[in-house]
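Structure first, commentary second.
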Amino acid sequence: MEYNFREIEKKWQKYWEENKTFRTKDDFSNPNKYYVLDMFPYPSGSGLHVGHPEGYTATDIVARYKRMKGFNVLHPMGWDAFGLPAEQYAIQTGTHPSKTTKENCDTFRRQIKELGLSYDWDREINTTDPDYYRWTQWIFIKIYNTWFDEKEGKGRPVSELPVPEDIRKEGKEAVRKYIDSKRLAYYDNAQVWWCPVCRIVCANEEVLTDGSHEKCGNTVEKKNLKQWMLRIPLYAERLLTGIDKLDWPEGIKDMQRNWIGRSTGADVDFRIDNSEEKIRVFTTRPDTLFGATYMVLSPEHPLVEKLTTADRKSEVLAYVKAASLKSDLDRTDLSKEKTGVFTGSFAVNPVNLKKIPVWVADYVLTGYGTGAIMAVPAHDERDFEFAVKFGLPITCIMDPDTDDPGQRQRVLEGRECWTEDGRYINSSDSSTGIDINGLNKEAGIEKMIKWLEERETGKARVNYKLRDWLFSRQRYWGEPFPVIHWEDGEITVLDENDLPLKLPPLEKYQPGETGESPLANATDWLTVTDKNGRKGRRETNTMPQWAGSCWYYLRFIDPQNKKSIFDPEKEKYWMPVDLYIGGAEHAVLHLLYSRFWHKVLYDLGIVSTDEPYTKLFNQGMILAFAYETEKGAKVSSDLVAEKDGKYFHSETGEPLRQIVAKMSKTLKNVINPDDVVNRYGADSLRLYEMFMGPLDVTKPWDEKGVKGVFGFLGRTFRFLSETENITDGEEDQEVLKGLHQAIKKVETDIENLRFNTAISAMMIFINLATRKGKITRSTAESFIKILAPFAPHTAEELWQLTGHGNTLAYEPWPLYNEEILKEDMFEYPVSFNGKLRFRIELPLSMQKEEIISRVLSDERSGKWLSGKKPDNVIVVHGKIVNVVVR
RNA sequence: GCCCGGAUGGUGGAAUGGUAGACACGCAGGACUUAAAAUCCUGUGGGCAGUAAUGCCUGUGCGGGUUCAAGUCCCGCUCCGGGUACCA
């Protein structure tokens, strides 16, 4: 029978839809649940990219496999649909973003359904749906009403926050301020990145290291605006330690650890000479205090003005002003020479009471540590560079652990910087009583911190790179904050029963010139009056796109629930997510933010697990072949001609190089999944994306590869649909063994997400079966079942053709039998000194001595022994024989 | 600079320290066809010898090492990809 994939795929997609084959029941009686989740897409206007089906097929294979293994499987899909493109389209055309969003979702849904993915469509969610964002707002209120109890290391309701007596005495206003200062969400002036082209505030994370906006590529500027911030650093330690027990790729775990950026050290206070002021610094090397020969404040440091002496004023002010105008790009460019100015003031080094100059320099960042440092040029590269440039003293305080006598000499003389370990020298002072001479780094740090703490001039401290999360955007198309700013300065959140706070309809979506959100134009919506006649104004900022995706996995558990975010019983059953697959671009931000929210919800008793995603896997990017000239100029794919495996420019005849690059419209090498489905079918697309290579590596799309798996599916279908090929009775031993090998390989490969080799195992079986010409019905049925997760339409059709009325989606997975897989004979490779020389077939039951004698008495051994006696013969049972002759 | 990955035929890629190149693409030859497409069969890392069967040499980015045995483990590099960056 011909492989009419178009008919078959349409037929089964209709069947699954009409029969709701994949509807998930909340069947708590089945203790084996499996929650397998995709990173839900942003439904862009350009439709599905071939990268989407890669992850979706992988999860679908696992979902289908687990169902056949008897698991109750939750496998949902939805849309992360708030976002900038729909809003920009609205600005240009006046079309409401909800209309564009709906159209895009419809396209995505159609395309995804045409791939035969086994989602439970009754659980579809959309972050822009008021019934969804109602609960996003609800979580924001929960976060707003939470403070972090450092003693217990967990978030608690602000109603349980103890207010110190002296603040209570100051009155209601002071108490309110105190509570507000402890909330996990707060409203404050923040210096933010502003993209003048998109007219949008960007989170730090959305600004690339070259100072450009991730979304549009234009250079961003700094701006001061009132913003909502979330105190994620309070959870830094929990977010960090929680990583250890997760089954995530090590690389991703490292990226999260680096992002959190924990470092241990100490705060140290430096007295200012002739002043009451103190400078507090954070250092990871308090042991090097004796080498601190100057100090540096960041240009934004609050003490800069106070510490600048009259004669230095104009120079310092000019420097600070220049620094504020610099983009981050200029400031972080390492190749750039260091700059700085002397304030005229001196600080007192607490270990030896020496006076050291205080400088201002932009290599010290305001946002990290305390925004001030003690500079130890002999043992810090940056300080060394700065000291050399400005002729500041360099005092070596460590005899370095180095075998190079020349280097040791240079370090001791302060001509080279040494940051590694060694023994302290010049590190004692009788007037202050500290002495760490002779100790190494580890012991020195410990002793110095102890000394500082006794003297109350310093304290051990852990510092994190992680900053407060800028959580508001000046956009229309996002979740409105359920917040009112009252005329008396009070900020309140809405009552939970008043949610959702819906987005008001607008005529104009253009943001204001000053950076104000378009919501400020919604006059009716904007102003409110409370029962006492007090006037208020709604928050006009909206939440960032992260908000909806921070918790969507929870809503899938109970998406239709009108009364609460979800039924706690269902949450207990389904959580955590057992397998989460998506692109590595979300390795840091989405996963960190999402874990943060989850931990807050956990502390409040709303969710039952401490971490949301047990196992994470990142699919690799799918790239495309592209072509460039010898000089490296890219050539559009429609101008490339192939001849004898070489590539030429079809117009100029220039020879071209084949390279691998991201798909791009300008290079005309974008693959549209719809085209592939039309030409080869969804099963071929699925199979090819899984067969290309390991799931986690980046790999180029190759049209020819699709033809390969298409051929395999065609051969499979034609062979198994031909009734003559299917027999009753005993199965041939070789076929039976081949089948059980295939079952075992496919099963273990699915468990390990190694789909490419699973597919090759099935190909090997079909090659064997077609060579043999006939297989039994039972063999055919088992094979159809293992094919089903990969090529479900083809498998369903074959299942029906072999005489079954129902879907095979819930048929039990076939069991393989180790007995059948056992071999009697083994063809031992025989090597001499590690070089393979010949093979010899021997029974597996044969013992070592017998094997050795059979190998050595073989006539082919004579040639390699050349009369000598072997020194040794290694026999690895069932693997190899190696004869050692010297 | 730092932290992670990676490098295997013409191509995508296989290979618990134990037969390198599974499976597939491509290519070559053949069958079917008036022809093409589709389909099927055979061969296919490189080199040397041989009409051939076959035999030998060589081969997993480079240089060392451990081992009876290294693509795999260790040390030192080169190149490529991702992340991150005056983070004190």
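The figures that follow rest on heavy atoms only: side chains count, while hydrogens, waters and symmetry mates do not. Just so you know, these numbers come straight off a predicted model, no measurement behind them. Order of the sequence lines fixes the chain letters, A, B, ..., with proteins taken first and strands second; residue numbering starts at 1 for each chain.
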Donor-acceptor contact below 3.5 Å, side chain Asp380(A) vs main chain Ala375(A): no

Which part of the nucleic acid does Gly261(A) contact within heavy-atom distance under 4.0 Å: base, sugar-phosphate only, or nothing? nothing

Check whether any side-chain N or O of Lys879(A) sits under 4.0 Å from OP1 or OP2 of A69(B), and answer yes or no. no

Do Phe5(A) and Phe710(A) have ring centres separated by under 6.0 Å? yes

Quick check for you: among U84(B), C23(B), C86(B), whose closest atom lies nearest to any side-chain atom of Leu365(A)? C86(B)

Tell me whether the centres of the aromatic rings in Tyr294(A) and Phe386(A) are closer together than 6.0 Å. yes

Roughly how far apart are Asp421(A) CG and Thr402(A) OG1, rounded to 0.5 Å? 12.5 Å

For U33(B), give its Watson-Crick or G-U wobble partner with both distances under 3.5 Å, or none. none

Is there a Watson-Crick or G-U wobble partner for U54(B) with both distances under 3.5 Å, and if so, which one is it? A49(B)

Please state the P separation for the pair U66(B) and C74(B) - nearest whole angstrom. 15 Å

Select one nucleotide: of U84(B), A24(B), A88(B), the one nearest the side-chain heavy atoms of Met763(A). A24(B)

Give a yes/no answer on whether the side chain of Thr698(A) brings an N or O atom under 4.0 Å of OP1 or OP2 in G82(B). no

Taking CD1 from Ile252(A) and P from G81(B), how many angstroms apart are they, rounded to a whole number? 19 Å

Would you classify Gly251(A) as touching base, sugar-phosphate or nothing, given that sugar-phosphate means primed atoms plus P, OP1 and OP2, and contacts are heavy atoms under 4.0 Å? sugar-phosphate

So Phe691(A), base contact, sugar-phosphate only, or nothing? Heavy-atom distance under 4.0 Å. base

Could you tell me the separation between the CE atom of Met692(A) and the C1' atom of G26(B), rounded to a whole number of Å? 16 Å

A69(B) phosphate, OP1 or OP2, under 4.0 Å from Asn872(A) side-chain N/O: no

Given the C1' atoms of A14(B) and C87(B), what is the spacing between them in whole Å? 44 Å

Would you measure the distance from the P atom in C48(B) across to the matching atom in G63(B) and give it in whole Å? 23 Å

Nearest whole Å is fine: how far is A24(B) C1' from Met762(A) CE? 13 Å

Test item: side-chain donor near acceptor, Tyr816(A) and Thr748(A), under 3.5 Å: no

Backbone of Gly51(A) reached by a side-chain donor or acceptor of Gln619(A) within 3.5 Å: yes

Closest nucleotide among C87(B), C68(B), G13(B) to the Asn882(A) side chain: C68(B)

Which part of the nucleic acid, if any, lies within reach of Ser831(A) when heavy atoms closer than 4.0 Å are counted: base, sugar-phosphate only, or nothing? nothing

Kindly indicate whether the side chain of Lys338(A) and the base of C86(B) share any N or O donor-acceptor pair separated by less than 3.5 Å? yes

Assign each of Glu250(A) and Met621(A) the nucleotide of RNA chain B bearing its closest heavy atom; nearer the 5' end lies the nucleotide of Glu250(A)

Output the rounded distance in Å from CG (Leu589(A)) to C1' (G82(B)). 15 Å

With both distances kept under 3.5 Å, what pairs with C77(B), Watson-Crick or G-U wobble? G61(B)

Below 4.5 Å, heavy atoms only, C-beta onward: do Met39(A) and Glu585(A) meet side chain to side chain? no

Report which part of the nucleic acid Arg837(A) touches: base, sugar-phosphate, or nothing (heavy-atom distance under 4.0 Å, all strands). sugar-phosphate

Determine the interatomic distance between P on G5(B) and the same-named atom on U42(B); round to the nearest Å. 43 Å

Once you apply the 3.5 Å cut-off to both distances, tell me the Watson-Crick or G-U wobble partner of U16(B), or none. none

What integer number of Å spans the P atoms of A20(B) and U78(B)? 31 Å

How many Å lie between OH on Tyr688(A) and P on C23(B), as a whole number? 18 Å

Which part of the nucleic acid, if any, lies within reach of Val876(A) when heavy atoms closer than 4.0 Å are counted: base, sugar-phosphate only, or nothing? base

Candidates C56(B), A88(B), U84(B) - which lies nearest the side chain of Trp864(A): C56(B)

Proximal nucleotide (of G26(B), G13(B), G12(B)) relative to the Lys704(A) side chain: G26(B)

Distance test, side-chain N/O of Arg754(A) to OP1/OP2 of G13(B), below 4.0 Å: no

Is the shortest side-chain N to carboxylate O distance from Lys744(A) to Glu818(A) below 4.0 Å? yes

Scan Asn833(A) against the nucleic acid and name what it touches under 4.0 Å (heavy atoms): base, sugar-phosphate only, or nothing. nothing

Tell which nucleotide pairs with C86(B), taking only Watson-Crick or G-U wobble pairs whose two distances are both under 3.5 angstrom. none

Grab the CE-P distance between Met690(A) and C23(B) for me, whole Å please. 21 Å

Arg285(A) or Thr770(A), whichever maps to the more 5' nucleotide of RNA chain B: Thr770(A)

From A88(B), C68(B), C23(B), pick the nucleotide closest to the side chain of Ile874(A)? C68(B)

Measuring only the P atom in each nucleotide, how far is U16(B) from A88(B)? A whole number of Å is fine. 40 Å

For nucleotides A15(B) and U72(B), find the distance between their C1' atoms and express it as a whole number of Å. 9 Å

Does Asn463(A) place a side-chain N or O at less than 4.0 Å from the phosphate oxygens OP1/OP2 of A88(B)? no

Under 3.5 Å donor-acceptor pair, Asp254(A) side-chain atoms to C4(B) base atoms: no

Quick check for you: among G26(B), C56(B), C87(B), whose closest atom lies nearest to any side-chain atom of Lys863(A)? C56(B)

Test side-chain hydrogen bond (donor to acceptor under 3.5 Å, both in side chains) applied to Thr794(A) and Tyr3(A), step by step: CA-CA 9 Å; Thr794(A) 310; Tyr3(A) 179 44; 3.0 Å; yes

Side chain of Ile764(A) only, heavy atoms from C-beta on: which candidate in C23(B), A88(B), G12(B) is closest? C23(B)

Nucleotide opposite C27(B) in a Watson-Crick or G-U pair, distances under 3.5 Å: G43(B)

Options U39(B), A88(B), U84(B), nucleotide nearest the side-chain atoms of Arg718(A): U39(B)

Of U16(B), C25(B), C23(B), the nucleotide closest to the side chain of Asn767(A) is C23(B)

From CH2 of Trp701(A) across to C1' of C25(B) the rounded distance in Å is 14 Å

d(CZ, Phe832(A); P, C56(B)) in whole Å: 11 Å

Asp702(A) bridged to Lys704(A) by N-O distance under 4.0 Å: no

Using a heavy-atom cut-off of under 4.0 Å over every strand shown, decide if Arg257(A) touches base, sugar-phosphate, or nothing. nothing

With syn defined as a glycosidic angle within 90° of 0 and anti as the rest, where does G9(B) land? syn

P atoms of A49(B) and C41(B), separation to the nearest Å: 34 Å

